[in-house]
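Heads up, the thing below is written out as structure tokens.
None of the values given here were measured: they were computed from a predicted structure. Chain naming here is simple, since letters A, B, ... match the order of the sequence lines and numbering starts at 1 in each.
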Number of protein chains: 2
Amino acid sequence: MSERTDAPARPARGRRRMAHSLEAVLAEAIALLDEAGESALTFRALAARLGGGAASIYWYVSNRDELIDRATDEVMGRLLDDTADLTDGPDPVANLRDLSLALFEEMRRRPWFGSYMLRNTGQQPNSMLMFDRIGQQLMRLDLTPKQQFHAASSLVSYIVGVAMDMAQPPPKEFLDSGMQPAEFLASYADRWRALDPVDHPFAHHVADEFAVHDDEDVFRSGLDLLLAGVQVQARGHGRD
Amino acid sequence: MSERTDAPARPARGRRRMAHSLEAVLAEAIALLDEAGESALTFRALAARLGGGAASIYWYVSNRDELIDRATDEVMGRLLDDTADLTDGPDPVANLRDLSLALFEEMRRRPWFGSYMLRNTGQQPNSMLMFDRIGQQLMRLDLTPKQQFHAASSLVSYIVGVAMDMAQPPPKEFLDSGMQPAEFLASYADRWRALDPVDHPFAHHVADEFAVHDDEDVFRSGLDLLLAGVQVQARGHGRD
DNA sequence: CGAACCATAGAACGCCGTTCGATAGAGTGC
DNA sequence: GCACTCTATCGAACGGCGTTCTATGGTTCG
């Protein structure tokens, strides 16, 4: 009857015993994912955080997969909001670059995010919106629809590929040896240098670069290759 | 543990002679992965195929992760053998294209393969060899080592990204409705057409392309964008 | 013939996702 | 006030998983 005044705009509807809510479930799920990665997101751990039983979560979500889908889409939704102005620029290619970099930033913040970004966009409306936002910039270029579709798909594939790379948890030898990330990278490069030079000429050739590389540089670099290709295609404006 | 110490610990691909059972374990593991995907690869299922107990497998492999790593690397080893001649051509960029397409083909054959390709190349000597083989072609172009390293990484990321896409199991609605893949794709395109045209202009714009697209075309298309970017960079021959 | 070692496998542990049924509380009609 | 329904919660249990421990058969060799 009388409303609790603690609830702001969206009252969490009448508080029951252990009032959950879809919002709360997703918020804690995301927190769990952020703190300890995908394997840490279990129904029991989540329930403990929410202060209830594991079975209760099934009221809001029918599945662990659906839980992850919704969490991912929630994050994507926020990202859409935060980056709404990135497509205002006059140059569509520059806009694509900014948009992709924003995605990269989010993936760096949340290594789990990229891995689930593309699965089943049918279940992830916001991922679909992001895909469309990318495509809309490509529509502004002088390309055939097929070229535009291919370019959008390739861009997303590239981004997800990098995401997968970054989602790789650091090997435990790193966690054990309290090294700094830069130190570890350097010592990892030494392993490249220890490989047979006959079988691995390239590893030796670029070991120095590898030792000091920054993930964002690598990402930006590949992104620019892809976008350069798009621009070549747009100027050639023709066949596929 | 399971290795004799007399043989000069071969790096990776040398035929193992006495490790009769490790080969069997990996062969059955790969068969299981091929037939029913990653989730089907359980120690119990694998043991059943081998006609023994689950615990026995731990003699050959200390981990499920290691099992998957070894299976992946085994497949990569065969692929290295099968594609050894793809880098003989005079044009390094054409060679990269052929190599990438061979990887794509393998990923199409084995959707699970791409997902595990890049993890921990420290544990996957053959993946490292493949990475080097890609890099060797890039060494032949007029690029700085940094550019070469970035290009190799980006190429692999792109390939893995597409792999992730293809590793997505088809939604169960597809399996239920005995549709042909082409039919399903068309009906999926209808769902794009049913989206709000204001929010999803691009989806509507390319729905027709999406309805008839072929994964390999899309892959090849993005690959060519990337390689075109590399070529632009090589001709500009300079700064990053 | 017995010892040493390789290889196997049954049983159990703890964790997981998921299901089922019981039940407490809020809303509703009388 | 009361009974009834509907919503949301949760304890308990099921089956399956990776993994470990321990016991034990089979070979090889002195």
Rounded to the nearest angstrom, tell me the gap between atom [atom1] in [X] and atom [atom2] in [N].
| X | N | atom1 | atom2 | result |
| --- | --- | --- | --- | --- |
| A:Leu67 | C:dC16 | CG | P | 14 Å |
| B:Asn63 | D:dT19 | CG | C1' | 9 Å |
| B:Asp65 | D:dC17 | CG | P | 17 Å |
| B:Glu38 | D:dG18 | CD | C1' | 13 Å |
| A:Leu46 | D:dC10 | CG | C1' | 15 Å |
| A:Arg64 | C:dG17 | CZ | C1' | 9 Å |
| B:Leu32 | D:dC17 | CG | P | 11 Å |
| B:Ile57 | D:dT20 | CD1 | P | 14 Å |

message = To check you understand the geometry: which heavy-atom pair defines the closest contact between B:Tyr60 and B:Val25, and what is its length?
response = CD1-CG2, 4.1 Å
message = Is it the case that the side chain of B:Ser56 and the backbone of B:Gly52 share a donor-acceptor pair, with hydrogens and angles ignored and the cut-off at 3.5 Å?
response = no
request  = Between C:dT8, D:dT20, D:dT9, spot the one nearest the side chain of A:Tyr60, thanks.
outcome  =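 Nearest to the side-chain atoms of A:Tyr60, counting from C-beta on, is D:dT9.
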Taking OP1 and OP2 of [N], is either one under 4.0 Å from a side-chain nitrogen or oxygen of [X]?
| X | N | result |
| --- | --- | --- |
| B:Tyr58 | C:dT8 | no |
| B:Trp59 | C:dT8 | no |
| A:Ser56 | D:dC10 | yes |

inquiry  = With side chain to side chain donor-acceptor pair (under 3.5 Å) as the criterion, how do B:Thr83 and B:Arg133 come out once you've worked through the C-alpha distance, each side chain's angles and the decisive distance to 0.1 Å?
reply    = CA-CA 11 Å; B:Thr83 62; B:Arg133 199 180 270 186; 3.1 Å; yes
message = By nearest heavy atom, map A:Thr42 and A:Ser62 onto DNA chain C; which one lands nearer the 5' end?
response =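 Comparing both residues, the 5'-ward one is A:Thr42.
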query = In a check of side-chain contact (heavy atoms from CB on, under 4.5 Å) between B:Glu74 and each of B:Leu79, B:Leu26, B:Asp69, which one passes?
reply =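 With B:Glu74 as partner, B:Leu79, B:Leu26, B:Asp69 yield a single side-chain contact (heavy atoms from CB on, under 4.5 Å), made by B:Leu26.
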Touch class at under 4.0 angstrom, heavy-atom based, for B:Leu41 against every strand present = sugar-phosphate
task = Kindly say whether, by distance alone, the side chain of B:Arg44 makes a donor-acceptor pair under 3.5 Å with the base of D:dG16?
result = no
ask   = Does B:Arg193 pair with B:Asp190 as a salt bridge, N-O distance under 4.0 Å?
value = yes
